[in-house]
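First up is the structure itself, then whatever we jot down about it.
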2 protein chains.
Amino acid sequence: MVDKMGILNVKNHILVIQVFFMRKAILRNRQLLLYGGSLALLLFLLRWLELRLIIFDHSFEVYIGAIALLFTALGIWLAQKLTRPKTVLVEKQVFVPEQPFRLNEPEMEKLGISRRELEVLELMSAGLSNQEIAGKLFVSLNTVKTHSSRLFEKLDAKRRTQAIEKAKKLRLIP
Amino acid sequence: MVDKMGILNVKNHILVIQVFFMRKAILRNRQLLLYGGSLALLLFLLRWLELRLIIFDHSFEVYIGAIALLFTALGIWLAQKLTRPKTVLVEKQVFVPEQPFRLNEPEMEKLGISRRELEVLELMSAGLSNQEIAGKLFVSLNTVKTHSSRLFEKLDAKRRTQAIEKAKKLRLIP
DNA sequence: AGCAAAATCACCCGGAAGTATGAATCGTTT
DNA sequence: AAACGATTCATACTTCCGGGTGATTTTGCT
């Protein structure tokens with residue numbers, strides 16, 4: 001009786017180890033019950049095989065082999081279920097819609113270009129004449145001229161085309 | 001004797017199954033020898049345990065438990081080794097060095113812009129004056145003027161700045 | 001309230017840009 | 001050889017651009 005209890009304890013111990021192993025691996029996996037159930041079933045099967053094969057006496061090795069196979073399968077199944085997928089990084093070419101132009105404010109500050117001057121610069125780079133710019137901004141032609149003159153000074157340009165080129169390089173206009 | 005051979009046959013059969021199982025799984029994996037070796041080692045261990053534990057008589061269940069644990073571990077190890085990684089696609093932002101400008105030849109053809117005119121256009125967009133362009137191309141100022149006039153016609157532009165703007169949109173210049 | 005920077009406008013002038021027209025030269029195609 | 005387009009150059013004229021100077025108004029900040 002005591003002996004039998006001892007054996008049972010050892011078996012329980014093994015069971016505990018197995019369950020612990022599983023728990024640790026799955027943790028927040030709610031399929032724990034399923035695992036427990038299947039393990040219990042396995043142990044029943046084991047006991048059944050034991051009883052059955054003892055009658056057939058010396059099939060001991062067969063028994064061991066079956067156990068080995070069974071638990072190998074169990075291990076594989078466990079691993080399949082419990083391992084998190086090995087992630088593989090695959091670089092995939094993606095079209096990046098070009099960024100919507102960010103004004104280079106520091107350069108603006110540095111050159112001392114005012115808001116109005118920037119407006120004139122933008123319209124200039126769009127290909128408008130001074131007269132057209134004046135019309136768009138509701139100011140006189142002379143005003144546009146003074147703005148553009150200051151602009152050329154600040155950008156160190158002699159012509160409007162040069163000013164546009166430099167401003168584009170400084171990212172003041174798209 | 002015959003009986004022993006029978007047992008051996010059964011054991012061999014199990015071994016064959018195991019090996020077959022592994023072969024099927026790994027197939028073109030050249031680590032087959034390693035697996036075979038480790039399995040053989042396991043079976044040796046098994047036999048040793050068998051002999052040893054039979055002396056300790058009724059530790060049968062402990063034996064079974066150990067086998068179970070061992071082969072569970074084997075199964076897990078096998079699965080780990082043999083499963084191909086589950087691939088996960090992760091889009092990763094990659095800097096694309098901007099393409100080095102490709103001339104839009106079809107548009108050139110369509111508009112009937114000549115080689116020389118393109119040269120003038122490029123220098124214009126660089127901010128040069130007609131006089132400077134004439135100097136760079138070793139031609140007279142008048143020549144540059146005629147080229148630019150034709151250019152404005154073909155590009156349907158009234159001013160050089162407008163021509164530059166349109167040409168950039170048509171990818172005739174960078 | 002007062003100051004500085006920004007924005008507005010004006011006038012003049014020289015030069016650059018653009019238009020119109022005509023023409024010579026050269027290489028390719030038919 | 002003739003035709004064509006590209007390239008070259010010229011003259012004359014108009015329009016636009018940019019420089020220089022000065023002035024007034026508006027706005028933001030202290």
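Sequence lines set the chain letters: A, B, ... in the order given, protein chains first and strands last, and positions in each chain run from 1.
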How close or far is atom [atom2] of [N] from atom [atom1] of [X], stated in whole angstroms?
X	N	atom1	atom2	result
B:E117	D:dT8	CD	C1'	12 Å
B:N142	C:dA17	CG	P	13 Å
B:R116	C:dC26	CZ	P	15 Å
A:E132	D:dC16	CD	P	10 Å
B:F152	C:dA16	CZ	P	16 Å
B:I113	D:dT7	CD1	P	11 Å
A:F138	C:dT8	CZ	C1'	16 Å
B:Q131	D:dC9	CD	C1'	14 Å

Below 4.0 angstrom from OP1 or OP2 of D:dT8, is there any side-chain N or O of B:H147?
yes
Answer yes or no: does a side-chain N or O of A:S114 lie under 4.0 Å from OP1 or OP2 of C:dA7?
yes
Need one value for A:N130: base, sugar-phosphate or nothing, where a base atom within 4.0 Å counts as base even if backbone is also close, heavy atoms only.
sugar-phosphate
DNA chain C: 5'-proximal contact among B:T146 and B:R159 (nearest heavy atom):
B:R159
Quick one: do the A:E122 and A:S125 side chains pair a donor with an acceptor below 3.5 Å?
no
Distance alone, cut at 3.5 Å: any donor-acceptor contact between the side chains of A:S149 and A:T146?
no
May I ask you to say whether A:R159 pairs ionically with B:E132, meaning some side-chain N is under 4.0 Å from a carboxylate O?
yes
For A:L103 and A:L172 the tightest heavy-atom approach is CD1-O, 3.2 Å
I would like to know whether B:L123 and B:V144 meet side chain to side chain contact (heavy atoms under 4.5 Å, CB included); could you show each step before the answer?
CA-CA 11 Å; B:L123 294 175; B:V144 176; over 6 Å; no
Nearest-nucleotide 5' precedence on DNA chain D, B:V139 against B:K145:
B:V139
Need to verify one output field. Residue with the more 5' nearest nucleotide on DNA chain D, A:R150 or A:L141?
A:L141
Closest approach to the side chain of [X], judged atom by atom: which nucleotide of [options] is it?
X	options	result
B:S140	C:dT8, D:dT7, D:dC9	D:dC9
A:S149	D:dA10, D:dG19, D:dT7	D:dG19
A:T143	D:dG18, C:dT8, C:dC11	C:dT8
B:S129	C:dA16, D:dT8, C:dT8	C:dA16

